[in-house]
Amino acid sequence: MELNGEQLIAAPIPDVWRGLNDIDVLAKSIPGCEEISRVSPEEIHAKVMFKIGPVRARFSGKLLLSDVIPEQACSMAFEGSGGAAGFAKGRSRVELKLVDGGTLVSYTTEASIGGKLGQIGGRLISASAKKIADDFFQKFAKELGGEVIPLQSAAED
């Protein structure tokens, strides 16, 4: 599964970068987040409750940061297990760019899933993942005291 997108957040890059690295902000922003902890500067562990189609499960996972360029970009490798519901693992890249109105956050994600989740249709999984990402950015922007600004097609050049 691939998920790519852009979100314009009405906040300056330093605030967005700090928020993306603040586990308290992330805990309030990640839909279904029950627990999150930083194990080291590069490793974060989390427990999250997800409902994707007919499957509802609590996932435990870890996120490893790499290729970190402060206030610009980072890469993440992630893996999580939801017991009988299945597993997910993959890589993501996040980039921040200064634009009129705030910070443009671009992300690309490649993930593989298995178990019961792997049996759900790709279209349903993609739609659920997109909704989770959109919900995250709405909550994240609110935590920063701003909002997500709708992108117009001309702004996506």
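The residues of the chain are indexed from 1 along the displayed sequence.
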Among the clusters formed by ILVMFWY side chains lying less than 4.5 Å apart, do [X] and [Y] turn up in the same one?
X: L64; Y: I36; result: no
X: I44; Y: V68; result: yes
X: I113; Y: M1; result: yes

Enumerate the residue pairs fulfilling salt bridge (charged side-chain N to carboxylate O under 4.0 Å, His left out) with a member in [range], sequence neighbours excluded, ordered by first and then second residue.
range: residues 38-51; answer: none
range: residues 58-75; answer: E34-R58
range: residues 129-139; answer: K130-D134, K131-D135

Between [atom1] on residue [X] and [atom2] on residue [Y], distance to nearest 0.5 Å:
X: E147; Y: I149; atom1: CD; atom2: CD1; answer: 6.0 Å
X: C74; Y: I69; atom1: SG; atom2: CD1; answer: 9.5 Å
X: S40; Y: L65; atom1: OG; atom2: CG; answer: 8.0 Å

Ignoring hydrogens and angles, write down the donor-acceptor pairs under 3.5 Å from the side chains of residues 80-93, residues two or more places apart or on other chains.
residue: S81; atom: OG; partner: G83; partner atom: N; Å: 3.4
residue: S92; atom: OG; partner: T108; partner atom: O; Å: 3.1
residue: S92; atom: OG; partner: T109; partner atom: OG1; Å: 3.0
residue: R93; atom: NH1; partner: S75; partner atom: OG; Å: 3.0

* Asked: Side-chain contact, heavy-atom cut-off 4.5 Å: R56 with M49?
  -> yes
Does any part of the side chain of V148, heavy atoms only, come nearer than 4.5 Å to the side chain of Q7, both counted from C-beta? yes
Applied to residues 18-56, the ring pair (Phe, Tyr, Trp, His ring centres under 6.0 Å) test, sequence neighbours excluded, yields none
In short, ring pair (Phe, Tyr, Trp, His ring centres under 6.0 Å) pairs touching residues 51-80 with sequence neighbours left out are none
Heavy atoms of C33 and V48 approach each other most closely as N-CG1, 4.1 Å
Taking only distance into account, with no hydrogens and no angle test, what donor-acceptor pairs under 3.5 Å do side-chain atoms of residues 8-25 form with protein atoms, sequence neighbours excluded?
residue: D15; atom: OD1; partner: R18; partner atom: NH2; Å: 2.5
residue: N21; atom: ND2; partner: W17; partner atom: O; Å: 2.8
residue: D22; atom: OD1; partner: D24; partner atom: N; Å: 2.8
residue: D22; atom: OD1; partner: V25; partner atom: N; Å: 3.3

Residues passing the ring-ring contact (aromatic ring centres under 6.0 Å, His included) test with F137, sequence neighbours excluded, are Y107
The side-chain hydrogen bond (donor to acceptor under 3.5 Å, both in side chains) partners of S106 (sequence neighbours excluded) come to E6
